[in-house]
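Inspection log for the structure reproduced underneath, given as structure tokens.
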Number of protein chains: 2
Amino acid sequence: MRDDLEAARRKLTERDHRLTPQRQAILETLLSHSGEHLSAEDVYALVKKNHPDIGLATVYRTLDLLAGLDVLQRIDLGDGRARYELGDEEHYHHHLICVRCGKVTEFDIDLLESLEALVFKRTGFEVVDHQVKLFGLCRECRAGEQRTGGAGGD
Amino acid sequence: MRDDLEAARRKLTERDHRLTPQRQAILETLLSHSGEHLSAEDVYALVKKNHPDIGLATVYRTLDLLAGLDVLQRIDLGDGRARYELGDEEHYHHHLICVRCGKVTEFDIDLLESLEALVFKRTGFEVVDHQVKLFGLCRECRAGEQRTGGAGGD
DNA sequence: CTTCCTGCAAAAGATTTGCACACGA
DNA sequence: TCGTGTGCAAATCTTTTGCAGGAAG
């Protein structure tokens with residue numbers, strides 16, 4: 001975790017930015033909540049515990065800056081606000097969004113490579129990045145569905 | 001195209017909604033701009049030509065209503081506003097977004113089925129819908145890139 | 001000193017909502 | 001008549017920006 005902070009500091013200083021206490025606090029918050037998908041407000045609320053004076057604008061500016069440096073990823077789960085998680089594009093994964101309970105889990109796979117090759121062959125479009133969102137029912141909610149009955153015909 | 005309107009009317013009346021002139025105008029606008037990805041403002045501007053009195057709120061409410069009836073799809077291309085296109089979930093396709101010129105093209109494929117089966121096997125998550133966005137360079141912009149030179153090392 | 005950063009408050013942009021009126025079954 | 005639909009304006013929500021002051025090299 002110290003290493004992640006040092007890596008971030010390096011990426012910042014490389015471009016004449018500083019690892020200020022606020023930025024460090026934001027990074028630490030994201031580090032200690034990896035696996036979650038925090039919105040700017042979430043980060044703000046969490047950081048405020050130890051940094052009561054921090055401003056929401058600073059959170060937005062920092063998240064924006066760090067996303068630009070590929071220290072973290074901005075993700076959009078379709079709920080109208082941006083969310084953030086540590087990690088660069090290389091290690092990007094997809095998201096499974098449960099339409100019932102809203103839980104978001106992650107799924108790591110590179111099966112898209114063949115799809116991207118096909119896209120290129122068919123259309124000449126060269127894919128450099130992708131975003132995949134799979135909506136459905138998580139295991140737990142699926143168990144619930146069974147009981148509720150599945151033969152509903154509206 | 002008449003058929004599409006009739007199908008929409010049926011879906012509306014089935015749930016005690018009416019195909020009002022405003023709603024019809026919005027549908028016709030979407031019909032005559034299929035293949036594009038209009039935002040609410042876009043639709044508003046287009047409909048206003050023939051229906052100067054229509055209100056923006058009505059456009060929002062109608063798009064919302066029609067999306068709920070699966071008459072059209074709400075899509076998110078990552079530019080901060082929702083976009084809409086005719087068609088139900090069944091015939092949904094993916095979007096190729098050019099990061100240089102911003103052009104959005106469509107790509108129809110069901111290669112995801114194997115991915116979804118794998119997701120289910122591995123995680124128990126049952127996919128019912130998906131959204132795939134592929135970012136990259138379209139054929140034209142790729143041609144441009146070649147000339148500009150590609151060995152940049154920043 | 002000069003540049004980068006910050007907090008605050010105001011602004012911006014997309015979307016939603018309250019309300020009174022209009023219209024069709 | 002009654003419930004649905006509408007336009008307008010105000011409200012809401014997320015995110016951005018202007019500005020004056022502050023810290024670091």
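Here is the naming used below: chain letters follow the sequence lines, and residue numbers restart at 1 for every chain.
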Check the distance between [N]'s [atom2] and [X]'s [atom1] and give it to me in whole angstrom.
X: D42(A); N: dT14(D); atom1: CG; atom2: C1'; value: 13 Å
X: H17(B); N: dT4(D); atom1: NE2; atom2: P; value: 8 Å
X: L56(B); N: dT6(D); atom1: CG; atom2: P; value: 13 Å
X: Y44(B); N: dT6(D); atom1: OH; atom2: C1'; value: 13 Å
X: Q22(B); N: dG5(D); atom1: CD; atom2: P; value: 11 Å
X: L77(A); N: dT14(D); atom1: CG; atom2: P; value: 15 Å
X: D79(B); N: dT16(D); atom1: CG; atom2: C1'; value: 16 Å
X: D76(A); N: dT14(D); atom1: CG; atom2: P; value: 14 Å

- Item | Electrostatic pair R9(B):E6(B) at N-O distance under 4.0 angstrom |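 Answer for the salt bridge query: yes.
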
- Leading and trailing nucleotides of DNA chain C with any atom under 4.0 Å from heavy atoms of chain B: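 First-to-last contact on DNA chain C, by the 4.0 Å heavy-atom rule, is dA14(C) to dG18(C).
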
- Residue whose closest nucleotide on DNA chain D lies nearer the 5' end, A40(A) versus R61(A):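 Closest to the 5' end, via its nearest nucleotide, is A40(A).
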
- Message: Could you tell me if E106(A) and H37(A) have a donor-acceptor pair between their side chains, going purely by distance under 3.5 Å?
- Response: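 Per modelled atom types, H37(A) and E106(A) side chains form a pair under 3.5 Å.
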
- Message: I need the L86(A) CG to L30(A) CG distance, nearest 0.5 Å.
- Response: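 It comes to 5.0 Å.
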
- State, with a plain yes or no, whether a side-chain heavy atom of H95(B) is found less than 4.5 Å away from one of L77(B).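 When only atoms from C-beta onward are counted, L77(B) and H95(B) do touch, with a gap below 4.5 Å.
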
- Task: Mind checking side chain to side chain contact (heavy atoms under 4.5 Å, CB included) for R61(A) and listing every partner two or more places apart, or none if nothing turns up?
- Result: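 Testing R61(A) for side chain to side chain contact (heavy atoms under 4.5 Å, CB included), a comparison that skips the adjacent residues, returns A57(A), T58(A).
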
- Between L65(A) and K48(A), name the one whose nearest nucleotide on DNA chain C is closer to the 5' end.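 On the 5' side of the pair lies L65(A).
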
- Specify the residue among A57(B) and R81(B) whose closest nucleotide of DNA chain C lies further upstream toward the 5′ end.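 The residue whose closest nucleotide sits nearer the 5' end is R81(B).
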
- Message: Quick check against the 3.5 Å criterion: does R142(B) have a side-chain atom that pairs as donor or acceptor with the backbone of G124(A)?
- Response: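 Confirmed, R142(B) side chain pairs with G124(A) backbone.
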
- Please check if the side chain of S32(B) supplies one atom and the backbone of T29(B) the other of a donor-acceptor pair under 3.5 Å.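 Yes.
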
- Please work out if D53(A) contacts a base, only the sugar-phosphate, or nothing of the nucleic acid, heavy-atom cut-off 4.0 Å.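 Sugar-phosphate contact only.
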
